[in-house]
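A quick write-up on the structure given underneath.
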There are 4 protein chains.
Amino acid sequence: MIDVQGQPDERNIPLQKVGVKNLRYPITVLDKKNKTQRTTATVQLYADLPHHFKGTHMSRFIEVFQQYYENLGMPRFLSMLDTIRESLEAEDAYAEVSFPYFMEKRAPVSGEKSLMEYTCQYLGQVTRTRRDFYVGIQVPVLTLCPCSRDISDRGAHNQRGIVRVRLKLGPFFWIEDVIDIIEHSASGGLFTLLKREDEKEITEYAYDHPVFVEDLVREVCVGIERFAEFPWFSVEAENAESIHNHDAYAYLERGDRSLGLID
Amino acid sequence: MIDVQGQPDERNIPLQKVGVKNLRYPITVLDKKNKTQRTTATVQLYADLPHHFKGTHMSRFIEVFQQYYENLGMPRFLSMLDTIRESLEAEDAYAEVSFPYFMEKRAPVSGEKSLMEYTCQYLGQVTRTRRDFYVGIQVPVLTLCPCSRDISDRGAHNQRGIVRVRLKLGPFFWIEDVIDIIEHSASGGLFTLLKREDEKEITEYAYDHPVFVEDLVREVCVGIERFAEFPWFSVEAENAESIHNHDAYAYLERGDRSLGLID
Amino acid sequence: MIDVQGQPDERNIPLQKVGVKNLRYPITVLDKKNKTQRTTATVQLYADLPHHFKGTHMSRFIEVFQQYYENLGMPRFLSMLDTIRESLEAEDAYAEVSFPYFMEKRAPVSGEKSLMEYTCQYLGQVTRTRRDFYVGIQVPVLTLCPCSRDISDRGAHNQRGIVRVRLKLGPFFWIEDVIDIIEHSASGGLFTLLKREDEKEITEYAYDHPVFVEDLVREVCVGIERFAEFPWFSVEAENAESIHNHDAYAYLERGDRSLGLID
Amino acid sequence: MIDVQGQPDERNIPLQKVGVKNLRYPITVLDKKNKTQRTTATVQLYADLPHHFKGTHMSRFIEVFQQYYENLGMPRFLSMLDTIRESLEAEDAYAEVSFPYFMEKRAPVSGEKSLMEYTCQYLGQVTRTRRDFYVGIQVPVLTLCPCSRDISDRGAHNQRGIVRVRLKLGPFFWIEDVIDIIEHSASGGLFTLLKREDEKEITEYAYDHPVFVEDLVREVCVGIERFAEFPWFSVEAENAESIHNHDAYAYLERGDRSLGLID
């Protein structure tokens with residue numbers, strides 16, 4: 001059977017990325033408390049394609065991923081990219097894996113336990129000149145508006161916000177610790193299960209700790225810089241403003257920006 | 001050229017609905033203030049298919065829709081369904097058209113003007129036994145939690161919520177009037193453009209008018225029943241709780257439920 | 001601390017559904033081959049609210065769900081609804097749980113193994129008059145157009161389609177068996193990992209087994225009626241037509257339609 | 001009333017972007033055939049925030065946008081960013097506006113007319129060192145697999161794909177012309193309204209013009225380079241593979257990559 005993909009191409013145009021997108025697969029990642037966690041992922045896997053080849057061999061990406069999905073902690077991610085480079089005979093390999101991550105959380109007063117969902121992302125590229133691994137962490141939080149509080153005789157508008165951090169590694173770290181930094185930078189963290197005494201505590205704490213999206217990304221920045229030294233990181237916050245139909249947004253990054261072809 | 005769709009089918013299975021889905025088209029609808037409004041719609045158009053036909057003629061749905069999209073106010077919607085029945089030689093016809101609808105709004109104190117987006121929906125079915133037209137209206141609102149307010153020494157959690165009303169007609173009415181009822185049933189309406197004096201007013205008003213999702217749907221219900229007599233309607237509210245990562249939900253309906261195959 | 005939710009309500013409006021929506025949680029379901037499967041779910045849990053209560057107690061829904069999530073096979077679903085009724089002191093309880101479900105599949109010629117994702121859904125209502133359990137199964141398939149094939153000198157347009165089946169139980173059954181019926185009713189099932197010899201086989205098989213969306217839902221209907229006796233079921237198919245920017249759609253249902261307040 | 005946002009900030013952390021996200025607004029853009037087109041947009045507007053300010057003034061973004069939405073062709077976009085810089089007293093301004101764009105299209109044989117939806121995007125940044133304007137164009141197409149065709153005795157799998165082009169300007173150009181290049185680089189363009197004679201023509205043309213995603217992005221690249229000289233552009237293609245449940249993907253870019261903080 002002829003190898004159509006392997007045929008020569010005359011257009012002389014190299015492609016930076018070719019591969020599979022929106023692959024859905026179960027994966028197992030590391031978990032600080034329970035050692036491992038089984039979850040479900042959305043996966044992108046790419047390699048470069050030199051100008052002289054007509055096409056890539058898409059099935060090899062799947063074959064490589066199958067060797068890794070049952071144990072896909074941070075330490076194994078770049079090794080998966082090495083295997084893609086070998087298998088595809090490529091110079092560059094890229095991957096992005098996004099997944100819900102669940103953590104047990106206790107309500108602040110009642111101590112009631114429940115699970116909270118966070119969204120995580122591994123991103124990596126191994127090329128001629130780079131060997132980069134990024135971890136993305138998305139955390140929903142409570143934000144209370146300092147302006148609304150200070151100008152109003154009673155109450156203050158507050159809402160659900162989302163904080164997204166992307167960290168370039170650097171040393172291994174636990175996702176749980178960065179989630180903790182983010183939740184302590186907001187007017188409060190969110191919970192799945194709360195009793196009335198918890199609701200009172202959270203409401204009053206938020207009123208006493210108002211943050212703009214601008215404050216929020218700055219506080220997270222301070223917390224991350226205290227936590228560990230990452231060569232680069234970004235923080236963004238997005239508030240589903242309870243008085244507007246659009247969102248308030250803030251973004252910062254620190255360190256040396258050179259993302260290459262990561263996203 | 002043979003008519004494959006028109007061939008007989010031996011399986012003896014009639015289909016309730018066959019047609020086109022997720023068609024995107026510009027449409028023009030009626031506007032209380034500006035007479036007409038040009039917007040962009042997502043469209044579903046269906047007819048039934050008797051057991052003895054293999055397939056329907058999909059292109060005819062598009063041909064019919066093209067006769068209506070430039071003037072698609074409520075009064076013309078059922079007439080479009082009549083045309084589908086004729087054109088497809090069908091017993092039953094169904095349509096659903098969803099679109100963003102923009103209204104000018106003034107901030108409560110400063111009077112600053114801006115446009116707000118609402119989402120509307122026309123749904124209809126014309127069958128042997130029915131001739132039903134429904135209008136759906138989705139309005140984002142501010143809700144402040146009565147429990148949080150009453151148990152806390154300061155503040156109260158509040159958030160963006162969404163109210164969805166579906167009304168079975170009944171007489172012609174203006175979407176604008178139902179939006180008004182919904183916004184006055186919540187702790188507040190949302191705005192695109194607010195100055196500080198507006199923010200103060202909205203914050204304090206919300207603190208003085210707390211509603212659970214349960215209160216919200218009941219208030220909307222009272223308002224609609226006062227406004228006009230619809231043979232059936234439903235109201236649902238969904239709060240993006242600012243202390244939880246999930247939503248609070250309430251649903252009610254009034255009148256005689258017999259939705260047929262309206263989705 | 002006062003119980004605001006438990007206070008009386010004077011508006012005299014009962015609510016059909018009140019509860020939590022878009023809760024995200026890990027769950028464990030039954031798996032024909034591996035006994036159990038751990039996956040991630042999106043959850044809705046509702047109860048009715050009599051006219052004389054101001055609000056429901058949202059945290060109780062979470063407390064009930066926590067008793068069930070680690071073992072949520074079909075047989076336990078209605079029992080969860082019974083527990084919701086008790087805990088909320090409600091007449092009616094409703095739940096909807098949607099989740100990706102992964103199955104190992106072998107390529108048709110090479111026999112290469114990989115995992116495929118399907119989307120499943122449990123829906124249930126326990127009310128004064130009903131005790132209904134529905135299972136939804138969504139399967140992506142390949143469909144090749146009979147008309148395009150018959151009128152063209154070479155080739156035929158084909159595309160990815162989605163089939164959604166909803167079955168009212170009836171006896172316990174394995175999701176895997178219904179997936180099998182659906183894939184055999186299409187021009188072909190989809191695969192995560194294929195080699196060239198598989199691609200040839202699938203291409204030719206599809207060309208020899210063309211189906212309209214109308215054929216597809218009828219074939220699935222025939223297959224389900226042969227498989228088991230369900231008191232009611234529906235089948236819908238949606239083709240991402242490769243020659244259009246909209247989708248082709250077909251829907252049928254069989255049996256006694258009385259869905260109550262199941263969505 | 002105090003200006004909370006204008007207060008000093010001691011954390012010494014400048015923010016690259018602060019502003020409003022997911023604003024929904026009607027806009028009017030230029031149209032090659034009809035002069036102007038009214039459509040609905042999703043809008044992001046940002047400015048930088050120096051380290052010594054606590055917060056930005058979000059309402060000013062809306063005030064600026066209101067001056068531009070009724071006439072937002074390419075030539076006016078950077079001028080809107082200039083106005084944001086002035087109004088916010090910022091060094092840097094960023095904007096992203098995405099919208100459906102409708103074009104009349106004729107079926108290839110029957111000549112039947114209908115409207116097709118494309119998705120467009122304006123992106124810009126005006127900073128101390130840049131004055132960049134990008135246009136994004138997303139076009140759905142038909143792709144037929146060369147490998148499947150060559151190895152199979154009959155038929156070939158084909159599917160809907162999406163091509164996304166992002167062009168850095170450069171001279172003014174018509175979106176319509178780039179859409180044309182993209183549709184001619186695929187196995188075929190898509191249509192809203194087709195008769196049988198059109199379907200035959202499209203099916204056979206696709207069979208005679210197979211493309212991998214790799215071919216598709218290369219063909220578009222050749223077409224764009226022939227069309228005009230852009231300082232930088234990217235092309236990506238994503239196939240909803242009709243034999244897989246994941247997508248095939250290819251990406252290339254040409255010219256000098258230095259996207260700054262354009263997302």
Side-chain angles (χ1 to χ4, degrees), chain B residues 1-6 20 22-28 31 34 36-43 57-67 69-70 98-105 107 109-110 112-119 140 160 190-201, chain D residues 1-6 20 22-28 31 34 36-43 57-67 69-70 98-105 107 109-110 112-119 140 160 190-201:
Chain B
M1 214 172 275
I2 58 162
D3 177 359
V4 184
Q5 284 85 348
V20 298
N22 298 323
L23 173 66
R24 295 275 300 159
Y25 235 77
I27 61 168
T28 300
D31 181 314
N34 305 303
T36 62
Q37 177 168 155
R38 174 98 164 172
T39 181
T40 53
T42 302
V43 179
H57 291 91
M58 299 277 180
S59 62
R60 293 189 196 163
F61 290 99
I62 310 290
E63 288 169 333
V64 172
F65 191 71
Q66 293 206 123
Q67 298 166 37
Y69 79 97
E70 295 191 289
S98 300
F99 52 92
Y101 184 80
F102 292 93
M103 264 176 66
E104 192 182 87
K105 235 176 135 173
V109 180
S110 69
E112 295 263 355
K113 288 189 238 174
S114 61
L115 300 179
M116 258 289 290
E117 183 200 38
Y118 303 92
T119 306
R160 211 188 281 166
L190 304 193
F191 295 84
T192 301
L193 179 53
L194 293 171
K195 307 307 287 183
R196 246 171 313 185
E197 56 269 36
D198 303 310
E199 189 171 353
K200 174 179 164 60
E201 164 67 20
Chain D
M1 214 172 276
I2 57 161
D3 178 359
V4 183
Q5 284 85 349
V20 298
N22 298 323
L23 173 66
R24 294 276 301 159
Y25 235 77
I27 61 168
T28 301
D31 181 314
N34 305 304
T36 61
Q37 177 167 155
R38 176 98 164 171
T39 181
T40 53
T42 302
V43 180
H57 292 90
M58 298 277 180
S59 63
R60 293 188 195 164
F61 290 98
I62 309 291
E63 287 169 333
V64 172
F65 191 72
Q66 294 206 123
Q67 298 166 37
Y69 79 97
E70 295 191 288
S98 300
F99 53 93
Y101 184 80
F102 293 92
M103 264 176 67
E104 192 181 86
K105 235 175 136 172
V109 179
S110 69
E112 295 264 354
K113 288 190 239 174
S114 61
L115 300 179
M116 258 288 291
E117 183 201 37
Y118 303 92
T119 307
R160 212 187 280 165
L190 304 192
F191 294 85
T192 301
L193 179 53
L194 293 173
K195 306 306 287 183
R196 245 170 313 183
E197 56 269 38
D198 304 309
E199 189 170 354
K200 174 179 163 61
E201 163 67 20

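For the set D:Ile62, D:Val20, D:Thr192, D:Leu115, the entry with the most heavy-atom pairs within less than 4.5 Å of chain B is D:Leu115.
With a threshold of 4.5 angstrom between heavy atoms, B:Val4 approaches chain D through N, CA, C or O but not through any side-chain atom. There is no contact between B:Phe65 and chain D, counting heavy-atom distances below 4.5 Å. Contact annotation for B:Leu194: only backbone heavy atoms (N, CA, C, O) come within less than 4.5 Å of a heavy atom of chain D. B:Ile27 does not touch chain D: none of its heavy atoms, backbone or side chain, sits under 4.5 Å away. Looking at D:Phe61, there are no atoms closer than 4.5 Å to chain B (heavy atoms on both sides), in backbone or side chain. Contacts between B:Lys200 and chain D at a heavy-atom distance below 4.5 Å involve the side chain alone, from C-beta outward. The contact between B:Pro100 and chain D is made entirely by side chain atoms (from C-beta outward), counting heavy-atom distances below 4.5 Å. Of the two parts of B:Tyr25, the backbone and the side chain both hold a non-hydrogen atom closer than 4.5 Å to a non-hydrogen atom of chain D.
Residues B:Gln66 and D:Leu193 are in side-chain contact: their nearest non-hydrogen atoms beyond the backbone lie under 4.5 Å apart. Contact check for B:Arg196 versus D:Asp3: side-chain heavy atoms found under the 4.5 Å cut-off.
Annotation: the span from B:Glu117 atom CD to D:Thr42 atom OG1 amounts to 7.5 Å, rounded to 0.5 Å.
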Q: For the pair B:Thr40 and D:Phe99, evaluate side chain to side chain contact (heavy atoms under 4.5 Å, CB included) and give the outcome as yes or no after the intermediate values.
A: CA-CA 10 Å; B:Thr40 53; D:Phe99 53 93; over 6 Å; no
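By the side chain to side chain contact (heavy atoms under 4.5 Å, CB included) test, B:Lys195 pairs with B:Ser110, B:Glu112, B:Glu197, B:Asp198, D:Ser59, D:Glu63, sequence neighbours left out.
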